[in-house]
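Structure first, commentary second.
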Amino acid sequence: MRRLTNSVVLLVAALAVGLLAASCGAASSIGGAIKSAAPSITLPTLPTQASDDASPTTEAPTTEAPTTEAPTTAAPTTVPPTTAPTTVAPTTAPTISPSPASSTTSSLLWLWILIAAVVIIGIIVLVMVARSASRKRSAAAGDWRQQTIDAYAQGSALYDAMNVAERPGALAADDSGARWADIQRRADDLAQRLYAMRESAPDEDERARVADTLGALQAVRSAMDAERAPGGADPRQAEVVRGRLYAFDAALRALRPPDPTTRY
C-alpha cells in the first residue's frame with residue numbers, strides 16, 4: 001500500500017506539472033497569435049496651409065464719379081491684399097476596441113488552471129479514500145488475527161484436558177466425572193467462539209478453516225461422550241477418540257495464524 005501511495009503522489013505531481021506547462025504553452029501561443037493579428041493604426045495627415053500665391057484674390061468694384069462740367073479724373077483703383085483663410089479639417093482620435101482574442105486567452109488560461117485543480121483534488125481524494133480503506137482492512141485483519149490466536153489458545157487448552165482424560169485409567173478415576181464436566185464446559189465455550197468466527201470470517205478460506213475446527217471439535221466431543229456411555233469403554237472406541245483428537249489438533253494448527261517474524 002505504501003508503494004501504491006507513493007506512485008499515486010508521483011502521478012499527481014507529474015499531472016499537475018503537465019497541466020500547468022500545457023496551460024502556459026497555450027497562453028504563450030495564443031498571445032503570439034494576438035500580437036501577429038493585432039491591427040495597425042495609421043494616423044490621418046493634416047492638410048498643409050496653402051501658399052499666398054495659390055490663394056484667390058478678389059478685386060474691389062470700381063466706382064466712377066458723376067460727370068460735371070469740371071474736368072473729371074478717374075478714381076484710382078485699389079486692390080486690397082487679401083489672404084485666403086486657411087481651414088484645418090477637424091481630426092478625430094482613432095478608437096481602439098479591445099481584441100476578443102485577449103479575453104479568449106484569459107478564459108483558456110483559467111480553464112486549464114481549473115481543470116488542473118479539479119484533477120489534483122480528485123486524485124488527492126482518491127488517495128485519502130484508499131488510505132482510509134487500507135487502514136480499515138489493516139484493522140480488520142489485526143482483529144481477525146487476534147480472534148484466531150485466542151481461539152487457538154482456548155482450543156489448545158481444551159485439547160490438553162482431553163488428552164489427560166484419555167490416559168489409561170482416567171475413566172475409572174474418582175475425579176473423572178468432574179474432569180468430563182469441565183471438558184464439556186470448555187467445549188461449549190469454544191464452540192460458541194467458533195460459530196461467531198465462522199459468521200464474521202473475512203474470506204472463504206478463513207471461514208473454511210473455522211468450519212473444519214468446529215467440525216473436528218464436535219467429532220471428538222461426540223466420540224468421548226460415546227466412550228463414557230455405559231458399555232462404551234473399549235479399546236476400539238478409545239482408538240476412535242485418539243484419531244479424532246489428532247484431527248482436532250491438526251485443525252487447530254491450521255486455524256492458528258502464521259508467525260509474522262518467521263522467515264521461510
Side-chain angles (χ1 to χ4, degrees), residues 1-5 126-167 170-171 173 175-264:
M1 184 61 195
R2 185 175 298 176
R3 291 183 179 178
L4 177 61
T5 303
L126 289 178
V127 171
M128 293 177 64
V129 170
R131 286 185 175 179
S132 177
S134 177
R135 286 193 295 266
K136 290 181 179 179
R137 286 193 298 268
S138 299
D143 181 67
W144 177 256
R145 177 181 175 82
Q146 187 61 45
Q147 290 186 41
T148 55
I149 291 174
D150 294 341
Y152 174 76
Q154 186 177 357
S156 296
L158 177 60
Y159 173 78
D160 293 338
M162 287 178 173
N163 267 334
V164 171
E166 288 301 315
R167 289 176 181 175
L171 290 177
D175 60 345
S176 61
R179 185 180 293 113
W180 175 241
D182 182 64
I183 289 174
Q184 293 282 61
R185 180 184 58 79
R186 291 188 182 188
D188 288 338
D189 293 342
L190 179 59
Q192 291 179 3
R193 179 186 291 272
L194 293 175
Y195 276 123
M197 291 177 62
R198 187 178 63 179
E199 297 300 325
S200 62
D203 52 48
E204 291 298 328
D205 292 338
E206 296 293 340
R207 185 175 291 108
R209 292 190 182 94
V210 173
D212 291 342
T213 306
L214 182 60
L217 172 62
Q218 292 173 345
V220 69
R221 184 177 181 181
S222 176
M224 292 181 69
D225 193 16
E227 186 182 28
R228 281 161 177 76
D234 56 23
R236 186 173 54 184
Q237 186 63 28
E239 187 67 24
V240 172
V241 172
R242 283 193 296 270
R244 293 186 180 181
L245 275 174
Y246 177 80
F248 178 53
D249 181 58
L252 286 173
R253 292 181 184 276
L255 181 64
R256 180 182 61 181
D259 190 355
T261 60
T262 303
R263 295 183 180 179
Y264 297 96

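One is the number of the first residue; the rest follow in order along the sequence.
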One should read off an interatomic distance between Asp150 CG and Leu190 CG, to the nearest 0.5 angstrom, of 11.5 Å

Can you name the closest pair of heavy atoms from Ser176 and Ala170 and give their distance?
CB-O, 3.3 Å

Begin with the C-alpha distance, continue with both residues' side-chain angles, and end with the deciding distance and a verdict on side chain to side chain contact (heavy atoms under 4.5 Å, CB included) for Glu166 and Met224.
CA-CA 9 Å; Glu166 288 301 315; Met224 292 181 69; 3.5 Å; yes

Side chain Thr148, main chain Arg145, donor-acceptor under 3.5 Å:
yes

For the atom pair CG (Asp249) and CE (Met162), what is the distance rounded to the nearest 0.5 Å?
11.5 Å

Between Arg179 and Ala165, is there a donor-acceptor pair closer than 3.5 Å when you use the side chain of the first and the backbone of the second?
no

Rounded distance (nearest 0.5 Å) linking atom CG of Leu217 with atom CG of Asp212
12.5 Å

Got a second to check how far Arg256's CZ is from Leu252's CG, nearest 0.5 Å?
9.5 Å

Atom OH in Tyr159, atom CG in Leu245: separation rounded to 0.5 Å?
6.0 Å

With no hydrogens and no angle check, just 3.5 Å: does a side-chain donor-acceptor pair link Gln184 and Arg221?
yes

Strictly below 4.0 Å, N to O, side chains only: are Arg186 and Asp182 in salt-bridge contact?
yes

Are Pro257 and Tyr152 packed together at the side-chain level, in the sense that at least one heavy-atom pair is separated by less than 4.5 angstrom?
no

Would you find a donor on one side and an acceptor on the other, under 3.5 Å apart, between the side chain of Ser138 and the backbone of Ser134?
yes

Is Asp205 salt-bridged to Arg209, cutoff N-O under 4.0 Å?
no

Any sub-3.5 Å donor-acceptor pair from Asp234's side-chain atoms to Gln237's backbone N or O?
yes

Counting distance only, does the side-chain N/O of Arg207 pair as donor-acceptor with the main-chain N or O of Arg198 below 3.5 Å?
yes

Kindly give the heavy-atom pair with the smallest separation between Ala219 and Arg244, and that separation in Å.
O-NH1, 3.1 Å

Assess, by modelled atom type and distance only, whether the side chains of Gln192 and Asp188 contain a donor and an acceptor separated by less than 3.5 Å.
no

Interatomic distance, CZ@Arg137 vs OG@Ser132, rounded to 0.5 Å, equals 9.5 Å

